[in-house]
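The structure appears below as structure tokens.
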2 protein chains.
Amino acid sequence: MAALPSDRLGFLLSFRGELTGARIRAALGVAGLHPRNAMTLMQLAPGAMSQRDLAAAMEVDPSQLVAILNELEADGLAERRRDPADRRRHIVKITEAGAAALGRVDAAVGEAERELFGGLTEAEQTLLRGLLDRVVVNPADHECGE
Amino acid sequence: MAALPSDRLGFLLSFRGELTGARIRAALGVAGLHPRNAMTLMQLAPGAMSQRDLAAAMEVDPSQLVAILNELEADGLAERRRDPADRRRHIVKITEAGAAALGRVDAAVGEAERELFGGLTEAEQTLLRGLLDRVVVNPADHECGE
DNA sequence: TATTGTTATACTCTATAACTATA
DNA sequence: TATAGTTATAGAGTATAACAATA
């Protein structure tokens with residue numbers, strides 16, 4: 001379902017968000033990476049962390065993260081090593097090659113944003129950011145029927 | 001992946017759009033309908049049309065629409081009848097029960113929008129709509145490699 | 001031969017629970 | 001007994017191609 005069925009603001013935001021996400025994912029894949037793998041590199045960029053904390057930060061199930069890290073490690077973009085202090089834990093760290101790939105990804109995302117928001121002035125982009133920040137305060141309430 | 005990995009505007013729009021979509025889908029399901037079935041009723045509300053045209057309007061594959069219409073028809077919310085002028089065609093029409101269900105759906109979506117955008121003034125909502133309308137002009141270019 | 005709707009198939013994504021090794 | 005990571009399984013969603021009826 002890709003066509004707007006009404007002129008409601010909620011639909012407009014949802015559909016434009018979807019299109020924007022598609023464009024961003026295309027940019028994330030520029031280095032030959034699966035978009036979610038590129039997202040994982042982004043999360044790892046500030047510093048190493050345990051696999052569990054990484055899953056929490058990304059809000060994905062730990063079991064999903066396993067496949068992502070297997071691929072990143074096979075490509076030499078990230079590495080897992082046992083935490084000597086607690087040998088159950090894996091410390092996940094981005095590699096130099098991973099940082100280089102992330103640099104290319106970041107450039108592609110920047111280019112995508114210039115395309116997406118190039119029609120807006122800097123002031124308008126700031127305005128849009130401010131308005132979006134004030135939308136959707138408690139989204140999860142209706143997912144699980146709280 | 002539900003957590004923002006950067007403060008980029010593209011990510012913000014994509015993620016807020018995702019959350020908004022989730023809230024809207026919850027509202028669409030209020031009448032016991034699958035969200036995409038409710039969307040289909042919305043498309044049918046203005047008037048009957050052929051199954052092919054309906055698929056085109058919704059931008060879904062005709063084969064996906066089959067299952068949707070089977071369910072809507074089983075629930076008595078829409079009906080298919082052969083086009084006498086071209087017996088290959090099905091004319092799809094919303095029923096009275098379908099229109100009633102759609103009324104409940106519409107009320108729920110309105111309530112969802114009041115929650116989502118209640119923090120914004122009417123003027124701000126209009127502003128947001130205007131800004132969103134000027135984003136993402138040619139989204140498909142990067143999906144299929146044009 | 002082309003078109004409309006349908007069916008069948010396969011592939012991705014996601015959610016869940018069971019399993020191991022360590023604590 | 002609880003926790004970190006892993007594996008296996010099943011479900012939803014989607015994309016594609018083959019098919020029957022009609023033009």
Side-chain angles (χ1 to χ4, degrees), chain A residues 1-3 14 18-19 21-22 25-26 28-29 33-40 43-44 48-74 78-93 140 143-145, chain B residues 1-3 14 18-19 21-22 24-26 28-29 32-40 43-44 48-74 78-93 140 143-145:
Chain A
M1 182 71 181
S14 174
E18 183 63 35
L19 292 174
R25 280 190 295 276
L28 289 173
L33 293 170
H34 193 296
R36 74 184 160 207
N37 295 12
M39 296 284 267
T40 304
Q43 294 280 359
L44 287 175
M49 68 180 95
S50 82
Q51 207 163 314
R52 178 179 177 73
D53 290 344
L54 180 56
M58 296 174 64
E59 294 179 24
V60 300
D61 194 90
S63 67
Q64 295 175 13
L65 189 55
V66 174
I68 296 174
L69 292 179
N70 287 346
E71 292 170 15
L72 287 176
E73 213 166 19
E79 39 183 43
R80 287 182 270 211
R81 57 179 170 76
R82 289 279 168 199
D83 182 349
D86 181 345
R87 291 188 42 73
R88 291 174 303 184
R89 278 192 167 80
H90 278 162
I91 303 296
V92 187
K93 186 165 155 273
E143 283 288 41
C144 312
Chain B
M1 181 72 180
S14 174
E18 182 63 36
L19 292 174
I24 294 285
R25 280 191 296 276
L28 288 173
L33 293 169
H34 192 295
R36 72 184 161 208
N37 294 12
M39 297 285 266
T40 305
Q43 294 279 359
L44 287 175
M49 68 180 96
S50 82
Q51 206 164 315
R52 178 178 177 74
D53 291 343
L54 180 56
M58 295 175 66
E59 294 179 24
V60 300
D61 193 89
S63 66
Q64 294 175 13
L65 190 53
V66 174
I68 296 173
L69 292 178
N70 286 347
E71 292 171 15
L72 288 175
E73 212 166 20
E79 40 182 42
R80 286 182 271 211
R81 56 177 170 77
R82 287 278 167 201
D83 182 349
D86 182 345
R87 291 187 45 72
R88 291 174 302 185
R89 278 193 167 79
H90 277 162
I91 304 295
V92 188
K93 187 165 154 274
E143 283 287 39
C144 311

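Within every chain, numbering begins at 1; the chains are lettered A, B, ... in the order of the sequence lines, protein sequences first and strands thereafter.
The two residues A:Leu28 and A:Ala38 have their closest heavy-atom pair at O-CB, 3.6 Å. The shortest heavy-atom contact between B:Ala3 and A:Glu59 is CB-OE2, 3.9 Å. Nearest heavy-atom pair, B:Val60 versus B:Gln64, reported as atom, atom and distance to 0.1 Å: CB-OE1, 3.7 Å. Contact record, A:Arg25 with A:Pro35: O-CG, 3.7 Å, taken as the closest heavy-atom pair.
Checking D:dT6, C:dT6, C:dT4 against every side-chain atom of B:Gln51, the shortest atom distance belongs to C:dT6.
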Output, in order, the C-alpha distance, side-chain angles, deciding distance and verdict of side-chain contact (heavy atoms from CB on, under 4.5 Å) for A:Arg82 and A:His90. CA-CA 5 Å; A:Arg82 289 279 168 199; A:His90 278 162; 3.3 Å; yes

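One interatomic measurement links the two molecules: CE of B:Met39 to P of D:dG13, which rounds to 14 Å at whole-angstrom precision. What separates CE of A:Met58 from C1' of D:dG5 is a distance of 16 Å, to the nearest Å. Distance A:Ile68 CD1 to D:dG5 P: 14 Å, rounded to the nearest Å. Between B:Glu71 atom CD and C:dT6 atom P the separation is 13 Å, expressed in whole Å. B:Leu69 has its CG atom 10 Å from the P atom of C:dG5, to the nearest Å. With rounding to whole Å, A:Arg52 atom CZ is found 16 Å from C:dA23 atom P.
Using a 4.0 Å cutoff on non-hydrogen atoms, the parts of residues 80-92 of chain B near DNA chain C are B:Arg80, B:Arg88, B:Arg89, B:His90, ordered by number.
More than 12 non-hydrogen atoms from other residues, nucleotides or ligands lie less than 6.0 angstrom from CZ of A:Arg80.
The closest side-chain heavy-atom distance from B:Glu18 to A:Glu18 is below 4.5 Å. Counting heavy atoms from C-beta outward, A:Val66 and A:Gln51 have side chains that approach closer than 4.5 Å.
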Would you give a per-nucleotide map of nucleotides 10-18 of chain C, 5' to 3', where B means the base has a protein non-hydrogen atom under 4.0 Å away, S means only the sugar-phosphate does, and - means neither? ---SSSBB-

